[in-house]
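Here the structure comes first, spelled out in structure tokens, and everything after it is commentary.
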Amino acid sequence: MLEPSRRIPYRTWPGALAVLLAIAAYVGGLTFWDRRTPGNRPLAAGETVAVGHARFVPAEGWEMDVSRSKAGQSLMLFKGGHKFLVTTGQWAGGPDGPLVRQQRLMERGQGLQIDGDVSGFVTPWGLQGKTFAYYGSKLAGRFWQVVDVQRRSLVQIDVYGASDGLNDAMADARSMLESMDLEAPQ
């Protein structure tokens, strides 16, 4: 009668241990890197920053949120619980299309209320566009939009945050908007 073949024993735990150590080192290294990499960057007073073709001087005390900013497309600044977001891009169409979409997104998508009517604005640099205010149960803000039909460019500025301290944040946002121009080299 034939006997069953005997399997030669081999050890699997050293290989499994090596794989587990490699995974732990990889995950631990990423966690270490994430904790050591700052998410915000202080901005020097009076330093001009550019996002796409828009440039402006940030107000004192505002910091850049590196993780929520995209080079050449958007720039997020924050101070306390308030945010200042500048987004630039190409636009082919009429000047009111993006504004209507933004209002619809805020009302239907985010459950915010538009406060009053859309109005026009002009900065000392001659930048002009449309603006509206909005509010919700936990935040309030103001949205500005500039469309340059000849250049086919769009700049959207949004400042928002908790109602507490919003007047100071809004004053800073207006000073940043007034320092903005669309002549940054691309």
Side-chain angles (χ1 to χ4, degrees), residues 43 45-65 68-70 72-186:
L43 299 170
E47 172 187 329
T48 301
V49 295
V51 54
H53 55 281
R55 63 183 173 193
F56 64 97
V57 178
E60 187 175 332
W62 288 79
E63 296 183 19
M64 184 171 108
D65 187 344
R68 296 187 63 195
S69 299
K70 294 179 184 173
Q73 296 176 358
S74 66
L75 179 68
M76 171 74 80
L77 302 180
F78 70 94
K79 182 178 181 181
H82 298 94
K83 310 272 191 271
F84 183 83
L85 175 64
V86 178
T87 308
T88 63
Q90 296 291 322
W91 176 248
D96 294 331
L99 189 69
V100 172
R101 273 197 312 278
Q102 189 66 34
Q103 285 180 312
R104 200 173 308 133
L105 173 69
M106 288 177 170
E107 288 177 328
R108 295 180 186 162
Q110 299 172 346
L112 300 170
Q113 302 292 320
I114 304 300
D115 189 16
D117 294 328
V118 173
S119 61
F121 73 91
V122 178
T123 67
W125 284 93
L127 198 63
Q128 62 184 17
K130 297 189 176 185
T131 183
F132 64 88
Y134 59 91
Y135 64 93
S137 61
K138 296 182 181 180
L139 65 88
R142 180 161 285 280
F143 184 84
W144 292 275
Q145 175 179 288
V146 177
V147 174
D148 189 342
V149 179
Q150 292 175 332
R151 291 184 184 169
R152 296 183 178 177
S153 68
L154 169 70
V155 179
Q156 295 178 324
I157 302 104
D158 192 9
V159 61
Y160 60 92
S163 298
D164 184 38
L166 187 62
N167 290 336
D168 293 335
M170 206 57 76
D172 286 348
R174 281 192 172 85
S175 74
M176 289 188 271
L177 179 67
E178 288 176 0
S179 73
M180 187 175 289
D181 67 67
L182 303 182
E183 300 297 325
Q186 291 188 5

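Because the structure is predicted, anything quoted here is derived from the model rather than measured.
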Residues in side-chain contact (heavy atoms from CB on, under 4.5 Å) with [X], at least two apart?
| X | value |
| --- | --- |
| Asp115 | Ala133, Tyr135 |
| Arg101 | Trp91, Pro98, Arg104 |
| Ile114 | Gln103, Glu107, Phe132, Tyr134 |
| Phe121 | Thr123, Thr131, Trp144, Val146, Leu177 |

Please name the pair of heavy atoms, one in [X] and one in [Y], separated by the smallest distance, quoted to 0.1 Å.
| X | Y | answer |
| --- | --- | --- |
| Arg55 | Thr48 | CB-CG2, 3.9 Å |
| Thr88 | Ala54 | CG2-CB, 4.0 Å |
| Pro58 | Met176 | CA-SD, 3.6 Å |

Given side chains that start at C-beta, do those of [X] and [Y] come closer than 4.5 Å, heavy atoms only?
| X | Y | answer |
| --- | --- | --- |
| Val155 | His53 | yes |
| Met180 | Val86 | yes |
| Gln145 | Gln102 | no |
| Leu85 | Ser74 | yes |

Sequence neighbours excluded, which residues qualify as side chain to side chain donor-acceptor pair (under 3.5 Å) partners of Glu63?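 Listed in chain order: Asn40.
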
Taking ring pair (Phe, Tyr, Trp, His ring centres under 6.0 Å) as the definition, give me every residue that meets it alongside Tyr160, ordered by chain and number, with sequence neighbours left out.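 Partners of Tyr160 under the ring pair (Phe, Tyr, Trp, His ring centres under 6.0 Å) test: none.
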
Separation between [atom1] of [X] and [atom2] of [Y], rounded to the nearest 0.5 Å:
| X | Y | atom1 | atom2 | value |
| --- | --- | --- | --- | --- |
| Gln73 | Thr87 | CD | OG1 | 9.0 Å |
| Leu166 | His82 | CG | NE2 | 5.0 Å |
| Lys70 | Met76 | NZ | CE | 11.0 Å |
| Phe78 | Trp62 | CZ | CH2 | 10.0 Å |
| Leu75 | Phe56 | CG | CZ | 5.0 Å |

Pairing residues for Asp172 by the salt bridge (Lys or Arg N to Asp or Glu O under 4.0 Å) criterion, not counting sequence neighbours: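 So Asp172 forms a salt bridge (Lys or Arg N to Asp or Glu O under 4.0 Å) with Lys79.
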
Walk me through whether Leu139 and Leu112 qualify under side chain to side chain contact (heavy atoms under 4.5 Å, CB included). CA-CA 9 Å; Leu139 65 88; Leu112 300 170; 4.2 Å; yes

Salt bridge (charged side-chain N to carboxylate O under 4.0 Å, His left out) contacts touching residues 154-167 (sequence neighbours left out):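 For residues 154-167: none.
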
